[in-house]
Amino acid sequence: MDFEFTEDQVMLRGLVREFLSEQCPVSHVRAMMDDSRGYDRDLYRRLIQLGMLPFPEAYGGAGLGMIEQAIVLEEMGRIPYPGPYFATVILAGGALMASGDRRTQARYLPDVSNGDLTMSLAFLEGGIAWGPETIRLSLRRDRDGYRLDGIKRFVPFGQSVDVILVVARAGEGRSAEGISLVAVPAGTPGLAIEPELMMDLTSKTATLRFEGVSVPAENLVGPEGGAWPAVELALRQAAVGASAEMLGAARKALEMSVDYAKVRKQFGQYIGQFQAIKHKLAEMLELVENAHAAVYYAAWALDARAPDAALAASVAKSTVNVAGRRVCGEAIQVHGGIGFTWEYDLHLYFKRAKHLEPLYGDTEYHRERVLQEVLAGRVAGSA
Amino acid sequence: MDFEFTEDQVMLRGLVREFLSEQCPVSHVRAMMDDSRGYDRDLYRRLIQLGMLPFPEAYGGAGLGMIEQAIVLEEMGRIPYPGPYFATVILAGGALMASGDRRTQARYLPDVSNGDLTMSLAFLEGGIAWGPETIRLSLRRDRDGYRLDGIKRFVPFGQSVDVILVVARAGEGRSAEGISLVAVPAGTPGLAIEPELMMDLTSKTATLRFEGVSVPAENLVGPEGGAWPAVELALRQAAVGASAEMLGAARKALEMSVDYAKVRKQFGQYIGQFQAIKHKLAEMLELVENAHAAVYYAAWALDARAPDAALAASVAKSTVNVAGRRVCGEAIQVHGGIGFTWEYDLHLYFKRAKHLEPLYGDTEYHRERVLQEVLAGRVAGSA
Amino acid sequence: MDLSYTAEDQAFRQRVRAWLAENVPRQKLITMEEKKAWHRKLYDAGFIGMGLPREYGGRDARPMEQAIVGEEMVRAKAPPPLNGLGIAIVIPTLIHHGTEQQKRRFIHKLLTAEELWCQLYSEPNAGSDLASLQCRADLDGDEFVINGQKIWTSGAHNADWGLLLARTDRTAPKHDGISCLLVDMHSPGIEVRTLKQISGSGEFCEVFFTTVRVPRENLVGDLNAGWRIAQTTLSYERGGNTLSRYARMLQQVTRLLEVCQVLQRDGRPAIEDPLVRQKLGQIYAEMEVLRYASLRILSRLERGLRPGPESSLAKLHYSELDKRVQELILDVLGPYGQQVGGLPDELALVPGVDYGEEGSWMYAFLWSRAGTIYAGSSEIQKNIIGERVLGLPKEVRADRVVAQTAGAARGDGAD
Amino acid sequence: MDLSYTAEDQAFRQRVRAWLAENVPRQKLITMEEKKAWHRKLYDAGFIGMGLPREYGGRDARPMEQAIVGEEMVRAKAPPPLNGLGIAIVIPTLIHHGTEQQKRRFIHKLLTAEELWCQLYSEPNAGSDLASLQCRADLDGDEFVINGQKIWTSGAHNADWGLLLARTDRTAPKHDGISCLLVDMHSPGIEVRTLKQISGSGEFCEVFFTTVRVPRENLVGDLNAGWRIAQTTLSYERGGNTLSRYARMLQQVTRLLEVCQVLQRDGRPAIEDPLVRQKLGQIYAEMEVLRYASLRILSRLERGLRPGPESSLAKLHYSELDKRVQELILDVLGPYGQQVGGLPDELALVPGVDYGEEGSWMYAFLWSRAGTIYAGSSEIQKNIIGERVLGLPKEVRADRVVAQTAGAARGDGAD
């Protein structure tokens with residue numbers, strides 16, 4: 001039992017932190033807010049080439065686990081990094097790895113691993129739901145391949161990645177059977193991409209409309225109609241990964257608030273001397289430390305394939321959703337007016353945390369999932 | 001538009017406060033905690049005879065409205081008064097008035113109005129539900145009258161009142177049709193009464209088991225199978241009445257906390273000088289003042305038969321449920337250890353507020369009811 | 001206690017509603033000229049500064065009538081009038097503390113929006129602790145010379161005049177060296193910079209004063225009496241018109257209920273989801289309580305009682321509630337609540353709004369974070385409630401300790 | 001980072017579990033004799049004070065082993081051992097500050113519960129502000145003479161010995177005049193009164209000292225060094241064994257889940273109600289986070305790190321969470337959660353419990369209110385976290401202002 005990072009993990013954190021603080025200053029982040037693609041390809045490539053990818057070495061990855069990904073993503077949340085690392089590595093990469101489809105892995109992952117290929121995963125459609133029931137985008141056989149019709153919303157960096165993995169349904173019904181995964185390159189005829197302007201300008205998303213989009217049969221990932229388990233696992237990893245990013249944003253907001261409370265004076269004293277502020281900051285620290293425990297426990301449970309991995313993932317996302325909201329919100333309150341200005345960086349963290357809150361399951365979704373796992377007996381030590 | 005009490009209302013409040021502070025000191029309240037009946041009949045009679053009852057003058061009442069009842073109950077919450085005023089006047093009296101059954105009103109209300117008769121209403125059965133669906137206690141015709149079989153729980157002062165109005169079901173099904181109201185005198189053969197020991201020892205309740213309990217036909221209140229509207233209205237008034245009592249308990253707990261914070265010193269200063277305590281007390285005041293607004297608006301809306309009367313009743317109960325819990329809970333925190341002792345009176349208010357919280361609809365029940373009323377368009381100004 | 005509206009009030013509401021139905025502009029007002037024209041129309045209809053005595057251009061309207069106009073304006077989605085802070089703060093200040101000449105010179109033009117006003121109070125180092133402000137006004141003959149910086153000034157870029165708090169005695173204890181001045185915003189030496197907010201919009205400004213000359217006759221009240229003057233007028237701002245704030249929240253939540261009929265959650269309309277229903281019921285109940293509490297304040301005003309420290313309870317109530325309302329809206333709408341461009345019309349608060357413009361869920365969400373900071377943060381309000389409403393002893397604070405030590409010699413205390 | 005239990009730990013857990021399955025008494029322990037016999041059995045099995053060095057009667061057990069025993073005890077519903085506070089507070093105090101003679105005289109008998117201990121710290125006017133305690137210990141030749149009152153003393157009515165903080169120098173600044181003494185509770189002049197709590201039970205006592213004589217050799221550490229000694233040992237109490245607190249909450253919530261299969265809400269089992277499910281999922285998630293955080297603390301202890309001010313985070317976490325857990329239980333159970341006598345067995349936490357006895361939902365609910373008060377209130381913990389973990393400057397406080405004024409002359413600061 002050891003909850004502390006290993007030396008390798010501490011080194012990885014240092015490596016990513018140093019790289020991002022040097023290569024991705026806030027001036028770059030702000031430039032990307034106004035950029036239609038939302039990221040710098042060259043920076044992205046160098047980031048990927050730091051060598052921290054979870055893919056097998058055969059595909060050019062470092063074979064690292066979810067704990068390491070959480071470390072990387074927490075650092076990205078502290079910037080907040082604008083780019084499709086999460087979309088490519090966690091969402092699409094996670095789905096490819098979970099699919100067990102070696103042919104497709106071999107086709108895409110080497111390019112992903114050297115930074116030449118960016119990807120994303122298209123899941124949400126007209127409403128809000130994270131199960132297979134509401135997937136309606138239809139997949140039909142069409143001569144040598146497949147034809148796709150339907151709509152996808154909130155596709156992370158959908159406007160600027162190279163290939164999108166689309167969660168589609170072969171046949172009718174609402175069950176998990178029929179869920180398929182198809183790779184669709186940007187620019188495929190019939191695919192219309194509309195950028196969505198989101199509150200967090202550092203996180204680009206897009207609406208994708210599919211009207212008779214044809215792809216060759218080889219673009220199917222995993223078995224036709226049998227992709228749900230892979231998608232489910234990818235979404236679970238995404239929930240933990242998003243939690244790690246939110247944790248980074250929240251901890252940064254806390255650090256800024258503590259620093260500010262130590263230098264800002266009102267009524268002849270530092271505002272950190274007032275119990276109203278001091279106690280708020282203490283509560284924020286507790287939220288952040290609990291979020292840390294939840295994120296890294298969940299990451300470990302995924303890596304260890306612990307019986308409570310799904311439970312822990314839902315615990316993490318529901319915990320960090322609440323922590324992110326409260327910590328970043330109170331950070332604005334501690335700062336007062338300055339925290340409400342565009343020029344001050346605090347809102348970047350506030351918005352990143354808020355952006356990720358409803359994605360990959362909101363708080364209510366994950367609390368319900370927690371109960372389901374408990375009632376099913378999938379708790380720690382149950383295996 | 002006038003939200004302030006009239007002179008008569010202020011006088012009524014003063015009358016009840018003076019009476020209770022003189023006649024019902026805390027020593028009496030504590031004596032009643034250990035009393036199996038839970039109240040003093042003589043004190044009850046004198047309280048009733050203050051002349052503040054909502055019944056028509058023809059039945060010996062003062063014809064006062066729900067605003068006046070809320071004023072009386074708020075004062076009772078400040079003591080907290082141990083006895084079946086609420087059970088008799090608000091629950092049973094409310095159901096009798098709402099039934100429109102003049103024969104039964106004439107039979108019972110004059111005795112109620114001079115304090116000679118105490119009553120209660122038996123509603124809850126095996127679970128928790130405030131609609132007609134789960135009423136199972138069966139009412140069957142039986143020679144000259146009716147036969148009752150079933151169980152009732154949490155009947156206020158069920159162990160020590162004279163007559164109990166029982167909400168029963170004639171026939172099968174789960175709908176509102178079939179709900180009947182029957183008067184059952186204590187001591188009727190086949191009626192077994194088991195006291196329930198509740199956290200709030202000043203609020204007695206009992207489990208009533210009915211096995212072949214026979215009552216004459218004249219004991220039916222209102223039409224057979226048609227009593228639901230009367231029961232529903234009585235429960236709505238009870239929700240507002242209970243809110244008023246909880247408001248009294250919460251305001252008393254706040255006053256005690258403010259007083260304590262002004263005299264208790266720690267670290268060389270009054271604890272009320274610490275922001276942690278000062279801000280807590282400010283938040284408690286806001287909760288109490290909002291509870292006041294909600295209770296008296298709802299009472300007015302009931303009296304005025306305003307279109308949003310049901311909405312306001314549910315707003316009041318859900319608001320005061322939260323306020324009562326938070327204010328009384330924080331009052332213990334402000335007091336520290338002393339607030340945790342049996343000898344100090346604070347726990348009496350804490351427990352009274354908690355006792356009433358789940359009764360006549362818990363917070364979730366009333367929030368759902370609020371939405372139903374809004375969606376049905378029954379809001380202020382809609383008539 | 002009677003919470004019915006009188007027949008008179010109901011008739012007045014009908015008249016206001018009818019007037020608005022006929023007059024509210026159909027198109028968004030863009031230019032200042034259009035906004036001034038609409039303001040003038042409202043003024044001519046008797047809806048601006050209507051609570052003021054007739055001698056100052058008002059209508060002697062009762063608080064209830066003012067509240068009704070506020071509520072109906074929101075309900076009719078009428079563009080707000082100009083000079084909101086001017087009417088709320090500058091006019092009461094002038095009426096209570098101004099000279100006859102100042103009243104005649106400024107009040108009417110402010111009411112008609114011929115002249116626009118801003119409030120120059122906060123500074124970078126004087127936010128909650130307003131009394132520590134450092135902007136200087138030094139007497140030089142018949143003129144004050146202003147040097148310093150102000151911040152969080154709404155509408156300074158459009159203002160013709162500003163109500164300034166500045167330090168006129170640097171040797172006095174901090175509350176005793178402040179004066180209140182009327183400043184021509186077109187004076188040489190004033191520079192206004194727009195501040196962009198986290199919403200992407202720019203409602204606030206920074207104002208820089210470099211040797212700005214203000215004639216002595218523009219002093220309001222006595223020299224060095226500015227703090228007391230500001231205190232009385234701040235409580236007006238805090239009391240606010242909570243009923244129109246309720247009306248605005250109600251408008252948003254009513255729209256949310258419509259959207260919930262359309263938005264799918266887990267394959268059914270959100271309005272059928274028990275968890276969503278619970279949240280909606282909760283927030284609607286909380287808004288109703290704000291309405292009740294507002295009616296209670298209003299009925300006290302109708303009885304002629306003035307807003308005292310209790311107005312802090314109202315400020316705390318509506319600003320904290322607004323945060324809960326906006327958080328809840330985003331909870332229910334998920335990512336759609338954070339989308340500005342490209343959001344389907346049936347899910348939008350107001351369709352077609354761009355980033356940085358009022359009317360998106362996002363804009364309302366972000367602005368709710370400012371409500372608990374400006375006009376006295378929630379922490380300041382709780383101090384006021386604790387000390388002035390509940391009568392708790394004052395906190396031990398560094399500036400008071402210093403002032404007491406100094407004051408002990410003089411025999412007085414700090415604020 | 002590896003959160004697996006080692007094979008060694010897993011084997012240890014199995015051994016503990018097997019031992020408990022065989023040895024946990026089937027009947028409730030009533031008499032002190034029965035309780036002492038059970039305690040002795042636990043001691044002989046190596047489960048009492050197991051983290052202590054062998055030379056003091058311990059087993060040199062790792063923190064993980066101690067945590068496992070704590071967890072398994074709760075899981076097996078084993079009656080707790082005696083002398084809990086004695087083991088947590090008195091023994092570390094003696095080990096770090098006691099004389100060799102004191103260690104030999106007291107530690108073993110405390111561990112075996114041959115002698116029962118209480119902790120005499122709080123006073124009516126010294127709660128959060130413990131350092132302002134007034135109970136006096138005046139040196140009179142070779143004896144201290146104790147006069148004063150203590151309160152909130154757990155188990156004083158059964159105690160043979162007490163660890164006392166008393167004022168030995170009334171002229172020194174308040175932190176510098178306190179000493180730590182070992183007091184024979186059977187001494188003449190000691191009167192113990194049981195305090196009844198709001199739960200109806202009487203766990204706490206008041207203790208009155210009237211000219212109680214204590215030999216000078218019972219002084220722990222240096223004269224007037226009591227405050228520093230108490231500070232180091234208080235952090236042990238606050239760090240606590242959070243994993244066994246988790247285990248206790250888990251036991252209750254697991255029982256709640258069973259009850260929810262039976263209890264009807266709106267005509268269906270409560271477990272099928274989406275709102276109840278949401279609450280249950282939320283609280284279970286919160287409990288899991290406590291478990292994770294506990295493992296994190298434990299893994300730091302395993303690395304040999306001592307509990308520092310961070311233990312305040314743990315205390316704040318579990319005590320505030322316990323309030324939420326107990327509130328939630330009563331929310332779900334409605335009036336059944338407040339019923340003690342006559343509650344149907346299938347709805348009870350432990351059937352057949354009477355008012356004032358442990359084992360009812362009510363008892364757990366009411367005791368949760370004490371958790372955020374004793375051993376340093378939540379407000380005190382937040383101060384510690386703010387100042388000692390986050391490094392925020394100390395608050396301006398009346399006693400510090402006084403002490404600073406006095407200290408300025410002496411050239412030192414207050415606490």
Side-chain angles (χ1 to χ4, degrees), chain A residues 124-131 133-134 153-154 174 194-201 203 205-207 264-271 273-277 280 325 329 332-344 346-348 350-351 354-355 357-359 362-365 367-368, chain C residues 122 124-129 131-132 151-152 195-200 202 204 263-268 270 273 275-276 279 323 327 330-331 333-344 354-355 360 362 365-366 369-370 372-374 377-379 382-383 395 397-403:
Chain A
L124 281 181
E125 301 192 356
I128 303 167
W130 297 99
E133 302 82 8
T134 59
R153 291 190 188 275
F154 305 111
R174 299 169 58 90
E194 302 158 12
E196 296 154 350
L197 191 59
M198 300 297 286
M199 179 165 78
D200 176 15
L201 293 172
S203 296
T205 66
T207 299
R264 170 76 171 173
K265 275 191 163 186
Q266 290 282 275
F267 303 106
Q269 64 184 66
Y270 298 107
I271 63 169
Q273 293 181 275
F274 288 105
Q275 283 191 336
I277 302 298
K280 210 187 278 292
R325 150 195 311 220
I332 293 180
Q333 188 69 21
V334 168
H335 277 84
I338 188 77
F340 196 67
T341 60
W342 188 266
E343 275 185 65
Y344 197 76
L346 190 56
H347 69 108
L348 304 179
F350 178 82
K351 289 172 180 172
K354 198 75 199 171
H355 182 80
E357 195 182 315
L359 299 181
D362 64 12
T363 308
E364 281 71 24
Y365 169 83
R367 287 177 177 163
E368 169 65 27
Chain C
S122 294
N125 289 312
S128 288
D129 182 13
S132 69
I151 197 169
W152 317 127
L195 268 177
K196 195 168 169 184
Q197 276 81 64
I198 62 176
S199 54
F204 292 135
L263 177 69
Q264 300 285 306
R265 283 186 79 105
D266 292 321
R268 58 181 169 183
D273 180 333
L275 301 177
V276 170
K279 282 173 185 280
K323 284 206 296 203
E327 286 278 10
L330 260 63
D331 285 349
L333 297 180
Y336 299 94
Q338 299 184 39
Q339 190 179 352
V340 184
L343 182 63
D354 213 345
Y355 209 99
S360 62
M362 178 200 95
F365 170 71
L366 290 172
R369 312 307 310 195
T372 57
I373 295 169
Y374 63 56
S377 69
S378 289
E379 289 75 21
K382 288 178 195 170
N383 268 357
E395 64 184 305
R397 221 169 57 192
D399 59 346
R400 289 195 179 123
V401 171
V402 171

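Proteins get letters first, then strands, A, B, ... in listed order; numbering begins at 1 in each. The shown structure was predicted, so the numbers you read here are calculated from the model rather than taken from an experiment.
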* Do we see a donor-acceptor contact under 3.5 Å between the side chains of T207(A) and E196(A)? ->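 Checked: T207(A)/E196(A) side chains pair up, N/O donor to acceptor below 3.5 Å.
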
* In terms of side-chain heavy atoms, does E125(A) have a donor or acceptor partner in T134(A) at a distance below 3.5 Å? ->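 There is no such pair between these side chains.
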
Top contributor to chain A interface from [options] [non-hydrogen pairs under 4.5 Å]:
| options | answer |
| --- | --- |
| I151(C), D266(C), L333(C), L195(C) | D266(C) |
| Q197(C), Q264(C), M362(C) | Q197(C) |
| G334(C), P335(C), G267(C) | P335(C) |
| P124(C), G202(C), G337(C) | P124(C) |
| L366(C), L263(C), N383(C) | L366(C) |

* Around atom CD of E343(A), are there more than 12 heavy atoms of other residues, nucleotides or ligands at under 6.0 Å? ->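 Check fails, neighbour count at 12 or below.
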
* **Y270(A) atom OH, neighbour heavy-atom count above 12 within 6.0 Å** =>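 For Y270(A), atom OH is not crowded (no more than 12 foreign heavy atoms under 6.0 Å).
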
* Measure L124(A) against the heavy atoms of chain C and call it side chain, backbone, both or neither at under 4.5 Å. =>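 Only the side chain of L124(A) comes within 4.5 Å of chain C.
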
* Taking NZ, NE, NH1 and NH2 as the nitrogens, is one of them in R397(C) or D129(C) under 4.0 Å from a carboxylate oxygen of the other? ->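 Looking at D129(C) together with R397(C), the answer is no, because their closest N to O distance does not fall below 4.0 Å.
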
* To do: State plainly whether the residues K354(A) and E357(A) are in salt-bridge range, i.e. N to O under 4.0 Å.
  =>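 Between E357(A) and K354(A) there is a salt bridge, with a charged N closer than 4.0 Å to a carboxylate O.
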
If only atom types and distance count, is the side chain of [X] paired as donor or acceptor with the main-chain N or O of [Y] below 3.5 Å?
| X | Y | value |
| --- | --- | --- |
| Q339(C) | G341(C) | yes |
| Q338(C) | M199(A) | no |
| K351(A) | S203(A) | no |

Please state whether the side chain, the backbone, both or neither of [X] comes within less than 4.5 Å of a heavy atom of chain A.
| X | answer |
| --- | --- |
| A270(C) | neither |
| N125(C) | both |
| K323(C) | side chain |
| P344(C) | side chain |
| F365(C) | side chain |
| S378(C) | both |
| L343(C) | neither |

Determine the option with the most heavy-atom pairs under 4.5 angstrom with chain C, choosing from [options].
| options | result |
| --- | --- |
| F267(A), F154(A), F340(A) | F267(A) |
| F274(A), W130(A), Y344(A), Y365(A) | F274(A) |
| E368(A), E194(A), K280(A), H355(A) | H355(A) |
| Q273(A), R264(A), K265(A), E364(A) | R264(A) |

* Asked: Would you say the side chain of I332(A) lies within less than 4.5 Å of the side chain of I373(C), judging by non-hydrogen atoms?
  ->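 Answer yes - side chains close enough.
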
* I would like to know whether R369(C) and E327(C) meet salt bridge (charged side-chain N to carboxylate O under 4.0 Å, His left out); could you show each step before the answer? => CA-CA 10 Å; R369(C) 312 307 310 195; E327(C) 286 278 10; 3.1 Å; yes

